[in-house]
Structure formats: structure tokens, C-alpha cells
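A short write-up of the structure that comes next.
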Protein chains: 2
Amino acid sequence: MISKKTKYAINALVYLAKQGEQKPIRISDISISQNIPQKFLEAILLDLKKAGILASKKGKGGGYYMLMAPKDVNLAEVMRLFDGAIAFLPCVTYNYYERCEECIDEETCGIRDVFYEVRNKTVELLKQANLEEIISREGNLKNFS
Amino acid sequence: MISKKTKYAINALVYLAKQGEQKPIRISDISISQNIPQKFLEAILLDLKKAGILASKKGKGGGYYMLMAPKDVNLAEVMRLFDGAIAFLPCVTYNYYERCEECIDEETCGIRDVFYEVRNKTVELLKQANLEEIISREGNLKNFS
DNA sequence: AATTAGTCTATTGAAGCTATAGACTAATAA
DNA sequence: TTATTAGTCTATAGCTTCAATAGACTAATT
């Protein structure tokens, strides 16, 4: 499960990406419309700014706005930013590699092999899911089971 | 990331599945060979027994052994048993459905649509990964990136 | 100069994960 | 039948992380 922080971040990003013209949007506006605790949101937006995804403007008329193009911001990036590794095991991550303490031979571990495949497929799908894609998918009705 | 509990469970299951003949294996044997704290392992094995995957025998010569056939035990089942839902969002789970508080219209949520696809692919791969499959995969060398 | 709005530091409460301790129960073998 | 072995159950403790809040501070705009 992704954290609330990540979920809030995605919601805020989609919201900002939908504001066609890049006028700064106040934190309080995002907070209210997306139902995110304001102080919590402030920290999230700061992180997104540090990551180069958003930019901000201070003073009257200030707020946050997209710096990167919506099509260049994907869910893999956002999830890594807030929740760290996407994979199920530390030994199959791109950027957060860590050896399993109890593992005897990583190179021949069947469990690792499975989770490696899962990670690859997951990251592939999450990279395709950029903000533009997400917005365009709204309204795709699906059957759940 | 999966919990240590799940990881321990998988390791214990693979270990038991490898013991061809179904003689009971002592908890302490599994604990030592798989490097799992014994008391913690006891709780895990009990859960696996309650789930019908393992069975146990008390007294001298007792221990745990596979009840289900290794090819009928897959990682999706084990992960759900210990960590709950596999999906990234509560609104795209099979058995743990929960609505996102801040969501306005679930049926048209582009984020949900993405994570729904990810879940489907993930569960599909995890279901294929049964104990027999995992054991047979040992030794598949892979290139990581 | 006043106002507005973002920035930073610290802290708190709740929850979940990991691990441990100890008492209890049941089955086996001698 | 008795000693021993080994699984079962309950409780709890430490730690970490997540989520949220508070308040003081800083900078830009009009």
C-alpha cells in the first residue's frame, strides 16, 4: 500500500496539472479542494519543489504551479520520492539495494527471481502513468472483480 | 516492501517443500537453517497451519510438514495471509476493499485505473509463483539493472 | 509598510512491526 | 505411566514509521 503522503502528492499533482494556465495556486486552495490537511500538504509540496517537479511564488498572488510538463511526471518517480523503493524486496530495487540478511546465495534465489520480474512489470506500468495519461484515463469505466 | 514475517514464511515454506519426504521437521531446525528467530517462527508456522498449508505433529519426532502440495501454494496467497492486500490502493483490492476518503468519483478516477492495472499484473505473476516454480527457478541467473 | 503566503523546526499521538518471555498442553516413546 | 519433547497460547515491550499539528520565521508583492 502506498502512504497517504504519496496519495496526497498524486492528487495535488493531478489537480495542478489540470489547471491549464500556469498561474500559481494557493496551498489552501489545493488543501480544501483535494481534502488534504494543509500543514501536511505544505511539506509534500516542498518535497515536490525540491525534486524539481513544482515551483512556487511567494507573496500575494503566490502559490504552487507545475514546473515540469505533466507528461514528464510519472507515478514511479512520485512513489519513489515519498515511499522509497517500489519493489517488494530490498534486493531487487534500482536505487535502494540491500542484501537480505538470511539469504545464502542471491544469484540463485528463486524468490528473488520472482520478485525481480514483478518489479520490472510494475515499474514499467508506473512509468507509463504520467500525469497527462492519468488525466486522459479519467472516465475509463472498468469492471472490477 | 513485504514484511519480515512474509519473507520468513516464504523461506520456511520453500525449505519444507524441499524436504522431499514428508517427515515432520522441528521448528528449531527451520529456525536455525533459515536464520529465523524461533519464537517468531512459531507464530508464523501456526498461521500457515491455520491456513491449511502446513500440518504439525507433536511430541518426540514431531514438527511441521507440508499439507498442501508445493505447486498449490503460491506467493499471492502467502503474502495476503501475512501482509493483507497486495494492491497499492485500498480501492483496487480483491478482499480488502475500502473507499479513498478524499475520492470524488471512484468510477472515473484515473489514478485508480492505473493502480488497478498494476494490481492485476502483479497478482497474475504472484499466482504463477508457487513453491514448485520457485524451487525450479533457483539457479536462473539474471542480469540486474 | 503592510499583507500575504511559502519555509522551517519541533513535537506528538497512533499504529504496526519485530521480537521475546513464560506458562501451558498434548503426543510420543520407553 | 512417566519423562521428555515439541507444539500452542497469551501477553507484552521496544522500536520505527506514518500522519498530523503548532508556531515562529522569512521573503515577495502591492
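Lettering follows sequence order; numbering is per chain, from 1. Computed from heavy atoms alone, side chains included, the values below leave out hydrogens, waters and symmetry copies.
Atom pair M1(A):CE and dG16(C):C1' shows a separation of 14 Å (rounding to whole Å applied). Across the protein-nucleic acid pair, F82(B) atom CZ and dA19(C) atom P stand 14 Å apart, rounded to whole Å. Whole-Å rounding puts the F40(A) CZ to dA10(C) P distance at 19 Å. Atom NZ of K5(A) is separated from atom C1' of dC18(D) by 9 Å (rounded to the nearest Å). We find that CG of N35(A) is positioned 10 Å from P of dA20(D), with the value rounded to whole Å. Whole-Å rounding puts the I44(B) CD1 to dC17(C) P distance at 13 Å. Distance, D47(B) CG to dC17(C) P: 13 Å, rounded to whole Å.
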I'd like to know whether E138(B) forms a salt bridge (charged side-chain N to carboxylate O under 4.0 Å, His left out) with K18(B), so could you lay out the CA-CA distance, the side-chain angles of the two residues, the decisive distance to 0.1 Å, and finally the verdict. CA-CA 12 Å; E138(B) 291 184 1; K18(B) 276 185 189 167; 3.3 Å; yes
Using a 4.0 Å heavy-atom cut-off to protein, can you give one letter per nucleotide of nucleotides 2-8 of chain D, 5' to 3': B if the base is in contact, S if only the sugar-phosphate is, - if neither? ---BSSB
Extract all donor-acceptor atom pairs below 3.5 Å that involve side chains of residues 60-76 of chain A and protein atoms in other chains or at least two apart in sequence.
from, atom 1, to, atom 2, distance (Å)
N74(A), OD1, A76(A), N, 3.0
N74(A), OD1, E77(A), N, 2.9

Could you give the side-chain donor-acceptor pairs of residues 7-16 of chain A under 3.5 Å, partners two or more places apart or in another chain?
none

List the atom pairs, with distances to 0.1 Å, where a side-chain N or O of residues 43-59 of chain B and a protein N or O form a donor-acceptor pair under 3.5 Å, not counting sequence neighbours.
from, atom 1, to, atom 2, distance (Å)
K49(B), NZ, S56(B), OG, 3.0

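Scanning residues 6-15 of chain A for heavy-atom distances under 4.0 Å to DNA chain C yields an empty list.
Partners of D29(B) under the side-chain contact (heavy atoms from CB on, under 4.5 Å) rule, at least two apart in sequence or in another chain, are I25(B), R26(B).
Remark: the backbone N or O of I27(A) is not paired with any side-chain donor or acceptor of S31(A) at under 3.5 angstrom.
For the pair R80(A) and Y96(A), the NZ or CZ position fails the cation-pi test of under 6.0 Å to the six-membered ring centre and within 45 degrees of the ring normal.
Under the 4.0 Å criterion applied to side-chain N and carboxylate O atoms, E117(A) and K121(B) are not assigned as salt-bridge partners.
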